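To start, the structure under review is shown below, and the notes come after it.
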Amino acid sequence: VQLVESGGGPVRTGGSLRLSCTASGEWYDSYCLAWFRQVPGKTREGVAVIEPDDVRTYAGSVKGRFAISRDNAKRALYLQMSSLQPEDTAMYYCAADFCPSAADFGTRWYRTASYGHWGQGTQVTVS
């Protein structure tokens, strides 16, 4: 599967932005879909994940401000970001793969090694 992100750009502190990720190629509705972000010099961190049954999990730093959603018919993943802060500035990546087992999900959803398919990223700059 090939993933392409869009929707990034500059935004004022307190503003909102909606990221999109579209997929082509081999696709499974049973994929877990996730958003990650990375700042230069730091490790890529998991932001949010949505399971095939629409169960959502968020990193503590974005809970209540970001909302992840998916549209399987369109092979699309979205991230609605609100109340943006300068510390949200990063390159944002979407990722896809079969979900970790239920027993491991809580400790694996935010690990980059859990996803084999990645987009190229879209930059979000908050100032």
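Being a predicted model, the structure only gives us computed values, none of them experimental. We're numbering straight along the sequence, starting at 1. Any value given below was found using the heavy atoms of this structure, including those in side chains, with hydrogens, waters and symmetry copies removed.
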(request) Might you confirm whether atom CD of Glu87 has over 12 heavy atoms from other residues, nucleotides or ligands at distances under 6.0 Å? (result) yes
(request) Verify the ring-centre separation between Phe36 and Tyr92: is it less than 6.0 angstrom? (result)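 No - the distance between ring centres of Tyr92 and Phe36 does not fall below the 6.0 Å cut-off.
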(message) In this structure, is the centre-to-centre distance between the rings of Phe66 and Tyr58 below 6.0 Å?
(response) no
Answer yes or no: is there a side-chain heavy-atom contact under 4.5 Å between [X] and [Y]?
X	Y	value
Phe105	Cys32	yes
Val124	Arg37	no
Asp104	Trp109	no
Ile50	Val55	no

(message) If I take atom CG from residue Asp71 and atom CG from residue Leu33, how far apart are they, to the nearest 0.5 angstrom?
(response) 11.0 Å
(request) Look up atom CH2 in Trp27 and atom CG in Leu3, then write down how far apart they are to the nearest 0.5 Å. (result)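 Separation between the atoms: 7.5 Å.
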(message) Does the structure place the NZ or CZ of Arg44 under 6.0 Å from the centre of the six-membered ring of Tyr93, at an angle of no more than 45° from the ring's axis?
(response) yes
(request) Answer yes if Val47 and Tyr110 sit in the same cluster of Ile, Leu, Val, Met, Phe, Trp and Tyr residues linked by side chain heavy atoms under 4.5 Å apart, and no otherwise. (result)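 No, it is not one cluster - the side chains of Val47 and Tyr110 are not joined through contacts under 4.5 Å.
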(request) Spell out, yes or no, whether Trp35 and Trp118 are grouped together once hydrophobic residues are joined by side-chain heavy atoms under 4.5 Å, including indirect joins. (result)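 The answer is no; the residues belong to distinct hydrophobic clusters.
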Extract all donor-acceptor atom pairs below 3.5 Å that involve side chains of residues 73-84 and protein atoms in other chains or at least two apart in sequence.
| unit_1 | atom_1 | unit_2 | atom_2 | d |
| --- | --- | --- | --- | --- |
| Arg75 | NH1 | Gly25 | O | 2.7 |

Enumerate, atom names and distances included, each donor-acceptor pair closer than 3.5 Å involving a side-chain atom of residues 5-13, sequence neighbours excluded.
| unit_1 | atom_1 | unit_2 | atom_2 | d |
| --- | --- | --- | --- | --- |
| Glu5 | OE1 | Gln120 | N | 3.0 |
| Glu5 | OE1 | Gly121 | N | 2.8 |
| Glu5 | OE2 | Cys94 | N | 2.9 |
| Glu5 | OE2 | Gly121 | N | 3.3 |
| Thr13 | OG1 | Ser127 | O | 3.4 |

